[in-house]
Q: 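Pasting a structure here, questions to come.
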Amino acid sequence: MIAQQEIDNRAANPTVPAEMPTGAEMLIQALAHEGVDTIFGYPGGAVLHIYDELWRARDRITHYLVRHEQGAVHMAEGYARATGRVGVVLVTSGPGATNAVTGIANAYMDSTPIVVITGQVPKHLIGTDAFQEVDTVGITRPCVKHNYLVREARDLPAIVREAFHLARSGRPGPVVIDIPKDVSAARANYSRLDHVSFPFATRPARVDEDLAREAVRQIVNAKRPVLYVGGGIVNSGAVDSLLSFAELLQLPVTPTLMGLGGFPSSHPLCLGMLGMHGTYAANMAVAESDLLVALGVRFDDRVTGKLATFAPHARVIHVDIDPANIGKNVTPTLALTGDVGQVLNKFLSTVPPQRNEGLASWWDQIRKWQLSQPLRFSGSQNQIKPQSVIRELHRLTEGEALITTDVGQHQMWVAQFYPFTRPRQLITSGGLGTMGFGLPAAIGARLALPDQLVVAVVGDGGFQMTNQELATAVQYDLPVKVLIMNNGYLGMVRQWQEMFYDRTYSEVDISVAPDFVKLAEAYGVAGFRVERPAELHEVMEAALRHKGVGVIDVVVAKEENVFPMVPAGADAREMITHA
Ligand SMILES: Cc1ncc(C[n+]2csc(CCOP(=O)(O)OP(=O)(O)O)c2C)c(N)n1
């Protein structure tokens, strides 16, 4: 009997000799050539040739079989963000591709380098509403750096090369390669491409000397400067340069959610996170600053609030690698397009020996804001306060854990109460705000960093979106810990309803939920539960010490709110500091 692959081969190109490699073989070769040893994926009809080939390459490339394609992409994101390497995903056509879209959009918003390979129906069926056909290139176009529909097997090596280059260069992001089934079956000449010239290739632009000198002049002369730093600091590896620059000029620093860990939270120059749930001091400093130095940020609305009154007295210097970010939301008075690490190094070499008289009065003012409105919460004897759970987590892990989160109140409490000290220590869904991100991202991060304690802090809502990936963690012995902040509500939505919709709790009660300890046990995972404040320390300690995968269900106060809060679209000075 002729194998299906051979039938497809012949159909694809009857004249090509059988000894030439198939598209699937070329794909695997090209991936190996990129140094890929890890793929997260889920098989299906359109990728059978590729899976067949992958099986033969299993000593070089390990495939991690997930339980849902969204999980595969988040795992690749966790893997990429923990290491800076490109994460790789393989899924089938149609529903496989559409299930992956949330992850792709998430990676796009958070500038995470991943390559997603999707199967497609054979070329001659494209456009016929074939079984499991979907226009993957069309659907993903707005949320990828680039995507390809591969028409000829012989193009695969160059496309893979270029896709990896695009994913990791400039502002990193997702790239999709859509491969029709007949293309993965077709035979063609394989040429290892060491010297592909990329039409998109962007040579890192040299930092403009004059602009850099002018920027430093403005910074040195500013009376109320603030460094507003984002994920670009982490992606560029600019952490040391940022620290040196801030210390040299004694500049206050406020990181975004994506920038947390890009500057040590415990450093005296650090004002804490800014934005909707940022610290009072950070938001006031930005509101009163005369010079905002924006480094690797994109002026997200969760940071700026009402644009018209954002940093109203400030000149703005914006440094970003992506020219599309410059002037998108806020028009800078001085812009430098380029790698933020290189720009900071240029700044460092440009700082003149004479400075202004110093920032003593600015720092006095900032310290007053810090003292008047520190991050705080009221304790309780009989209810576990969610903020205290994060504090306890910080204590027990000595501040060293790599934390991933879902999206919601728990995510903001992590950002507020777990002081991150190193880049890539917090992996969270910032731009898209994807519930269900935490567990799969933790699995990917743990795989990349086998000696690292990885804790996914999740909501009881978000956990139920991807909890099936516990099976993946068990199958591959990736002992992540899942800390569920269980408030029985879609907490962040409930908070908005309490504050802005007259306490109309419309469709946020999720108290009908599985017993999370039993659910964990059903997956062969150790389950722990904490219901009283007095047990918190002991149970969490035991759970974190547990060698395998662990789920800790912490039953927290149901109606706690995240403060401070700048209401959406409001001026930072309209911040609500407490209930
Ligand atoms: C996939 C998805 N759907 C809906 C939302 C809107 N949303 C934002 S936060 C939130 C509540 C999250 O509840 P939970 O996971 O229990 O976390 P909590 O806020 O209680 O900490 C919702 C529904 C979202 N961010 N992502």
Side-chain angles (χ1 to χ4, degrees), residues 68-71 73-74 77 98-110 143 257-258 275-277 300-302 377 383-391 393 403-418 426-442 455-470 482-501 504-516 519 530 551-563 565 567-568:
H68 186 291
E69 289 88 349
Q70 181 185 349
V73 187
H74 293 333
E77 292 178 90
T98 53
N99 275 352
V101 169
T102 300
I104 294 168
N106 193 78
Y108 185 66
M109 295 286 272
D110 285 346
C143 57
L257 179 66
M258 294 299 290
M276 182 175 275
H277 292 296
D300 178 74
D301 59 274
R302 285 295 187 263
F377 61 96
Q383 287 187 312
I384 300 176
K385 287 301 187 97
Q387 301 91 331
S388 70
V389 178
I390 305 301
R391 283 231 165 122
L393 179 66
I403 309 284
T404 69
T405 78
D406 269 7
V407 170
Q409 291 183 308
H410 64 280
Q411 178 189 33
M412 292 300 115
W413 285 316
V414 165
Q416 293 179 336
F417 292 99
Y418 198 108
L426 170 66
I427 300 179
T428 190
S429 171
L432 196 65
T434 309
M435 289 169 69
F437 177 77
L439 170 59
V455 182
V457 179
V458 299
D460 45 330
F463 181 55
Q464 291 183 70
M465 290 203 172
T466 53
N467 65 34
Q468 72 280 1
E469 300 306 339
L470 283 174
V482 182
L483 174 62
I484 307 171
M485 305 271 271
N486 184 353
N487 54 16
Y489 278 118
L490 298 173
M492 187 57 97
V493 180
R494 186 209 56 74
Q495 173 171 345
W496 284 49
Q497 291 176 340
E498 179 184 333
M499 295 175 67
F500 310 116
Y501 292 84
T504 303
Y505 287 176
S506 174
E507 305 301 333
V508 287
D509 184 338
I510 50 167
S511 51
V512 176
D515 175 327
F516 291 119
L519 181 79
V530 196
V551 171
I552 318 160
D553 179 20
V554 185
V555 180
V556 295
K558 286 175 77 74
E559 298 194 40
E560 188 72 10
N561 288 337
V562 184
F563 290 115
M565 179 174 191

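Any value given below was found using the heavy atoms of this structure, including those in side chains, with hydrogens, waters and symmetry copies removed. Counting starts at 1 for both ligands and their atoms, in listed order.
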Q: Going by the order shown, which atoms of ligand 1 are within less than 4.0 Å of some heavy atom of G459?
A: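 Once the distances to G459 are compared, the set is 14 (P), 15 (O), 16 (O), 17 (O).
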Q: Please identify which atoms of ligand 1 are closer than 4.0 Å to at least one heavy atom of Y489.
A: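 Listed by number with element: 16 (O), 20 (O).
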Q: I need the atoms of ligand 1 closer than 4.0 Å to a non-hydrogen atom of M492, numbered in the order shown.
A: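 In order of numbering, the contacting atoms are 9 (S), 19 (O).
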Q: Any idea which atoms of ligand 1 are less than 4.0 Å away from a heavy-atom of G461?
A: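 Once the distances to G461 are compared, the set is 14 (P), 15 (O), 16 (O).
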Q: Check whether any heavy atom of D406 sits under 4.0 Å from an atom of ligand 1.
A: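 Heavy atoms of D406 never come under 4.0 Å of ligand 1.
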Q: Closest non-hydrogen protein atom to atom 15 (O) of ligand 1, residue and atom name please, with distance?
A: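 In this structure, atom 15 (O) of ligand 1 has G462 N, 2.7 Å as its nearest protein heavy atom.
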Q: How far is atom 21 (O) of ligand 1 from its nearest protein heavy atom, and which residue and atom is that?
A: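 Looking at atom 21 (O) of ligand 1, the protein heavy atom closest to it is H410 ND1, 2.8 Å.
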Q: Counting each atom of ligand 1 from 1 as listed, which ones have a heavy atom of G491 under 4.0 Å away?
A: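 Listed by number with element, the hits are 13 (O), 18 (P), 19 (O), 20 (O).
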Q: Near N487, which atoms of ligand 1 are under 4.0 Å from a heavy atom of that residue?
A: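 What qualifies from ligand 1 is 20 (O).
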Q: With a 4.5 Å limit on heavy-atom distance, are the side chains of M485 and I390 in contact?
A: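 Counting from C-beta outward, M485 and I390 do come under 4.5 Å.
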Q: Could you check atom 6 (C) of ligand 1 against the protein and tell me its nearest heavy-atom contact, residue, atom and distance included?
A: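 I find the closest protein heavy atom is M435 SD, 4.2 Å.
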Q: Could you check whether Q497 and Y489, counting side-chain N and O atoms only, form a donor-acceptor pair closer than 3.5 Å?
A: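 Checked: Y489/Q497 side chains show no N/O donor-acceptor pair below 3.5 Å.
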Q: Side-chain contact, heavy-atom cut-off 4.5 Å: S388 with F377?
A: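 Side-chain contact under 4.5 Å: yes.
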Q: Do I384 and V554 have side chains that get closer than 4.5 Å, going by heavy atoms?
A: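 Side chain of I384 against side chain of V554, heavy atoms only: contact under 4.5 Å found.
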Q: Does the N or O separation between G433 and ligand 1 drop below 3.5 Å for any pair?
A: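 Yes, there is a polar N/O contact under 3.5 Å.
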Q: Out of V482, V530, I484, which residue meets the side-chain contact (heavy atoms from CB on, under 4.5 Å) rule with I552?
A: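 In the set V482, V530, I484, the residue that makes a side-chain contact (heavy atoms from CB on, under 4.5 Å) with I552 is V530.
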Q: Within the 4.0 Å heavy-atom shell around Q409, which atoms of ligand 1 are there?
A: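 Under 4.0 Å from Q409, ligand 1 has these atoms: 18 (P), 19 (O), 21 (O).
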Q: Does some side-chain heavy atom of L490 sit less than 4.5 Å from a side-chain heavy atom of I510?
A: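 Counting from C-beta outward, I510 and L490 do come under 4.5 Å.
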Q: Might you confirm whether atom OH of Y501 has over 12 heavy atoms from other residues, nucleotides or ligands at distances under 6.0 Å?
A: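 Not buried by this count: 12 neighbours or fewer within 6.0 Å.
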Q: If I apply the N/O under 3.5 Å rule, does M465 come out as touching ligand 1?
A: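 No, M465 has no N/O under 3.5 Å of an N/O on ligand 1.
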Q: With the side chain counted from C-beta on, respond yes when I427 and F437 share a heavy-atom pair under 4.5 Å apart, and no when they do not.
A: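 Yes, close enough: below the 4.5 Å cut-off.
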Q: Do me a favour and list the nearest non-hydrogen protein atom to atom 13 (O) of ligand 1 with residue, atom name and distance?
A: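 Minimum-distance protein heavy atom for atom 13 (O) of ligand 1 reads L490 CA, 3.4 Å.
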Q: Considering only heavy atoms from C-beta outward, does the side chain of Q416 approach that of Q387 to under 4.5 Å?
A: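 Counting from C-beta outward, Q416 and Q387 never come under 4.5 Å.
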